[in-house]
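Reading through the structure tokens given below for one structure.
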Amino acid sequence: MTTSAGHGSPDGTGAASASAIASRLALLEAREITKHFPAGRRGAVVHAVDGVSLALPAGRITAIVGESGSGKSTLARLFARLLKPTSGQLLLDGQAAPPGRGGRRRYAQQVQMVLQDPFASLNPVHDVRYHLTRPLKVHGLGPAGNLDESLAALLERVALTPPERFLRKYPHELSGGQRQRVAIARALAARPRVLLADEPVSMLDVSIRLGILNLLAGLRENEGMTILYITHDIASARYLADEIAVMYAGRLVESAPATSVSDRPAHPYTQLLLSAAPDPDRPEPVRLSGRGSVPSLLTPPPGCRFHPRCPHAMEICSQLPPPPAEVAPGHVSACWLHAPERPAGTVAPAERRHDGPTRLADDPSHQQGRPTRPALRHPPFPRPRHGQSKEAGDEPAGH
Ligand code: ADP
Ligand code: MG
């Protein structure tokens, strides 16, 4: 297996070898991409995304997981070219993303974004037909060349059926899930090859989230769509994605096939995220470590950005960013515990300090630096039944 994601190397000399393999298969790829936002004070910047390399393999779902403020939306907006990177590159089919207005338009046709809040992204004064007609006309109506047929086909793809029932509805007449389906249909109208879905279910009622996730799974399964699924919820990533990349404070810390991340998380931060995710196998509720929260991105911690919260932190962790290391085939972790070698004169793992008991440190399986979390026998979500995306009927049809 290959990983979909690589990590920026701390010295900026390139990504891990695993991502070099993946990049040959990638439809869309970010290389060492960085976005710093100017922040009021003289010269101050928000380090929203720092040296992230991430390859999206064709026809697969790659999840980016991380807490709020870790840079996920900024990365998605960089992928969508809604933001200009401070540095780094975007490659589509292995070629630099085409420049200029025409290039941008060709790119936008192939790479479409779906936002978190379908209420904000749909115009309340226009009906569904209006929202879908414009992108269809701009990007071409497809082989039929007939607007009504194209509209109906689009609504069927997102399981809003029968289409006539939805075309004349306004956003306020639809449920949250139906609005998100319209937003997805609008993105699909451009006939993209890549969908960037930024927390597409986090504003939705829990009861209808699964329907939207299964719709995305169906697009991957039936149409070979390449999808970037962004979430703060690692359980939903584990349910939906083929690959998971974990982000912390603007950097990628771990990436691997989804089952490897959930069954054998290597990076202490991923272990923390998983320990807080629902797991029916766990006998007692988890305390999400009391060791602070995501650091300020104005002055991110030096070295590994997770070191102030990490129960395994060693001296080197506050000095140098850890290089990405392959802990298993296709499984990359940027942690000094996994680095094959440390620069001379730095502290060895045996001397690692513990500031106090935490769940991670308490767990003997983590003491070797190669945690062996038992496989989840009952994931909180069942695996998607591919090809079954018609779950819209579960939702209210609106008023
Ligand atoms: P996430 O989606 O993971 O919650 P974001 O990408 O939205 O994270 O934000 C990452 C960091 O970048 C945050 O500290 C946020 O405040 C900052 N940020 C995002 N957009 C801007 C902007 N346009 N200007 C300044 N700072 C921004
Ligand atoms: Mg966000």
Side-chain angles (χ1 to χ4, degrees), residues 5 7-8 30 32-54 56 61-88 90 111-121 176 180 183-184 187 195-204 209 212-213 216 227-237 240-241 243-255 261 267 269-270 272-274 276-277 288 292-302 305-306 308-309 321 334:
H7 305 238
E32 292 286 328
I33 209 157
T34 292
K35 182 67 191 181
H36 291 170
F37 293 107
R41 281 184 282 132
R42 245 186 328 149
V45 293
V46 178
H47 298 66
V49 170
D50 252 336
V52 167
S53 295
L54 179 69
L56 309 184
I61 299 180
T62 304
I64 296 183
V65 181
E67 285 167 278
S68 176
S70 56
K72 306 181 298 295
S73 293
T74 303
L75 183 58
R77 292 168 72 208
L78 287 166
F79 267 121
R81 292 181 82 183
L82 299 173
L83 287 174
K84 194 170 184 288
T86 306
S87 61
L90 274 181
V111 182
Q112 283 279 313
M113 188 150 164
V114 177
L115 300 171
Q116 181 170 349
D117 181 357
F119 234 133
S121 64
Q180 195 57 294
I184 293 170
L195 265 191
L196 308 170
D198 188 4
E199 307 233 26
V201 299
S202 40
M203 306 263 306
L204 302 182
R209 288 182 184 174
I212 298 292
L213 294 182
L216 295 176
I227 297 175
L228 181 68
Y229 170 63
I230 289 180
T231 181
H232 60 267
D233 170 26
I234 198 165
S236 73
L240 181 66
E243 315 277 336
I244 294 179
V246 180
M247 235 177 137
Y248 185 78
R251 293 211 175 118
L252 278 194
V253 296
E254 179 162 6
S255 62
V261 169
H267 197 285
Y269 177 61
T270 312
L272 183 67
L273 274 184
L274 274 163
L288 178 62
S293 48
V294 180
S296 159
L297 295 179
L298 268 174
T299 48
R305 290 184 179 175
F306 187 58
R309 292 172 82 181

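Atoms within a ligand are numbered from 1 in the order they appear, just like the ligands themselves. Please read these numbers as outputs of a predicted model, since none were measured by experiment.
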Check your understanding: Looking at residues at least two apart in the chain, or sitting in another chain, which of them share a side chain to side chain contact (heavy atoms under 4.5 Å, CB included) with Pro300?
Key -> His47, Arg305
Check your understanding: Any salt bridge between Arg309 and Glu67, counting N to O under 4.0 Å?
Key -> yes
Point to revise | Side-chain (Thr86) to main-chain (His36) donor-acceptor, under 3.5 angstrom | key: yes
Check your understanding: With a 4.5 Å limit on heavy-atom distance, are the side chains of Tyr229 and Leu196 in contact?
Key -> no
Check your understanding: Ignoring hydrogens and geometry, is there a side-chain-to-backbone donor-acceptor pair from Glu254 to Val261 under 3.5 Å?
Key -> no
Exercise for review: Answer whether the closest heavy-atom distance between the side chains of Leu90 and Phe79 falls below 4.5 Å.
Suggested key: yes
**Study point:** Neighbouring protein N, O or S atoms of the Mg ion (ligand 2), below 2.8 Å
**Key:** 1
Practice item. Provide the closest heavy-atom pair for Val49 versus Ile33 in the form atom of the first, atom of the second, distance. Key: CG1-O, 3.4 Å
Check your understanding: Given side chains that start at C-beta, do those of Leu213 and Ser236 come closer than 4.5 Å, heavy atoms only?
Key -> yes
Exercise for review: Sort out the contact shell of ligand 1: every protein residue with a heavy-atom distance below 4.0 Å, listed by chain and number.
Suggested key: Phe37, Val46, Ala48, Glu67, Ser68, Gly69, Ser70, Gly71, Lys72, Ser73, Thr74, Leu297
Point to revise | For Leu115, side chain to side chain contact (heavy atoms under 4.5 Å, CB included) partners two or more places apart | key: Met113, Ser121
